[in-house]
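Scroll down for the structure; my scribbles are underneath it.
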Amino acid sequence: MRKKLILLGCLLSITATGFSQSKKELLLRLEERDAEILKLKGDLTSSKQEAARYKAEMEAVNFEMEELRATNASLLQNLTNFTELSNKKTENISKSLESLRNKEKQLKKISDALTSTDSTTLALLTSFKNALGSEVKTGLSGGAVTVILENPFLFKEVDRNYQVVPEALPVLEKVASVLKKYPGLKIMVETNSNALEFKDVKLKDNWDLSSLQASSVVRVLADTYGIDANRLQAVGKSEYGFNGIETTTRIRIQPPYEKFYGTIREMMK
């Protein structure tokens, strides 16, 4: 019996000792598990913080990407608008250049026509000066070549006579010889007079006298020297024609502005 009690006591002691060791091991393992759990919690917190940081960075990157996309779209739109505007400007510049080229052509035509007219005028003036010398005044008046003849030279008795005297015919012949070289030019003969009374002649006033004197010069040029009458025009200016008291007859030859004006009219169509 006693042996059984001793054996039972030994078994209980061994069991208690084993239980005590198992408890310690369990506590130790529990502590280890708590430490691991704590470490895992720390790792989890770090991971969450890192994930939050990555998320924030990703959101920032996405925001920047959206801004870049918007900026890129704006730049593309601006580039498209600029390209369209550039094309329009290029087209407008091309049209302007074409317009300028046309204007240059028009100006050249006008310049050529005017140069041709001026050349004719200069040649006509030179021809008169060579033919008439210094005995007759020649020059430009109102754009027309003008030959000035004193009425006492043409008519002698300027207050009553309206027929060209024979002494003046050689000069009119020289004038006619020059006019024949320029068959396309119009000729106007203008005469003024300032007679004070008309007792012995059948004239009403200076309008009559100056008109008849101008007509007399026209007849000499047409009938005696063969100038085409269609080119001639007689104008009596009475006492109101020219400055001063001297009476003169002016043979005005208009330069060929018809071509010049015709060029302008053609360009305006």
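For reference, positions follow the sequence shown, starting with 1.
Residue Val235 is found in a hydrophobic cluster whose other members, listed by chain and number, are Met188; membership requires side-chain heavy atoms under 4.5 Å apart, directly or through intermediates.
For the residue pair Ser177 / Tyr225, no side-chain donor-acceptor distance below 3.5 Å is found, with atom types taken as modelled. Under 3.5 Å, the side chains of Asn151 and Thr191 contain no donor-acceptor pair of N or O atoms. Defined by atom type and a distance below 3.5 Å, a donor-acceptor pair is missing between the side-chain atoms of Ser210 and Ser238. Remark: the Gln77 side chain and the Asn81 side chain contain an N/O donor-acceptor pair separated by less than 3.5 Å.
The shortest heavy-atom contact between Ser216 and Tyr162 is CB-O, 3.0 Å. Taking all atoms of both residues into account, the shortest heavy-atom contact from Asn230 to Lys186 is O-NZ, 3.6 Å. The two atoms that bring Trp207 and Gly236 nearest to each other are CZ3-O, 3.4 Å, heavy atoms only. Heavy-atom minimum distance, Ser193 versus Thr247: CA-CG2, 3.7 Å. The heavy-atom pair separating Val158 from Pro152 by the smallest distance is CG1-N, 3.4 Å.
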Going through the distances and angles, do Val147 and Val178 end up as a side chain to side chain contact (heavy atoms under 4.5 Å, CB included)?
-> CA-CA 11 Å; Val147 178; Val178 175; over 6 Å; no
Evaluate salt bridge (Lys or Arg N to Asp or Glu O under 4.0 Å) for Glu190 paired with Arg250, printing each intermediate quantity in order.
-> CA-CA 5 Å; Glu190 300 175 337; Arg250 302 190 179 194; over 6 Å; no
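With values rounded to the nearest 0.5 angstrom, Ile187 atom CD1 is found 8.5 Å from Asp228 atom CG. Note that OG1 of Thr249 and NZ of Lys237 are 12.0 Å apart. Values are rounded to the nearest 0.5 Å. Taking CG of Leu124 as the reference point, atom NZ of Lys129 lies at 11.5 Å (rounded to 0.5 Å). Separation of atoms CD1 (Ile227) and CG (Leu179) is listed at 5.0 Å; rounding is to 0.5 Å. Taking NZ of Lys204 as the reference point, atom CG of Leu209 lies at 14.5 Å (rounded to 0.5 Å). A distance of 8.5 Å separates CD in Glu167 from CG in Leu169, rounded to the nearest 0.5 Å.
Side-chain contact between Val136 and Val171: present, with at least one pair of heavy atoms (C-beta onward) separated by less than 4.5 Å. For the pair Phe155 and Gln163, the minimum side-chain heavy-atom distance is 4.5 Å or more. In this structure the side chain of Thr138 never reaches within 4.5 angstrom of the side chain of Thr146, judged on heavy atoms. Looking at Leu172 and Leu149, their side chains come closer than 4.5 Å, going by heavy atoms from C-beta outward. Between Phe128 and Val145 the shortest side-chain heavy-atom distance falls below 4.5 Å.
Side chain of Asn206 to backbone of Glu239: no donor-acceptor contact under 3.5 angstrom is found. Using a distance-only test at 3.5 Å, with no hydrogens or angles considered, a donor-acceptor pair links the side chain of Asp205 to the main chain of Asp208. Judged by distance alone, with hydrogens and angles left aside, the side-chain atoms of Thr126 form a donor-acceptor pair with the main-chain N or O of Leu122 at under 3.5 Å. Remark: side-chain polar atoms of Arg231 are paired, donor with acceptor, to backbone N or O of Leu185 under 3.5 angstrom.
For NZ of Lys137, the number of neighbouring non-hydrogen atoms (other residues, nucleotides, ligands) closer than 6.0 Å is 12 at most. The 12-atom threshold is not exceeded at CZ of Arg219, counting heavy atoms of other residues, nucleotides or ligands nearer than 6.0 Å.
Here Lys174 pairs with Glu135 in a salt bridge; the nearest charged N to carboxylate O distance falls below 4.0 Å.
A single hydrophobic cluster is not seen to contain both Ile148 and Val218; linkage of ILVMFWY side chains at heavy-atom distances under 4.5 Å, directly or through other members, places them apart. Linking ILVMFWY residues whenever their side-chain heavy atoms come closer than 4.5 Å, directly or via other members, leaves Val165 and Ile251 in distinct clusters.
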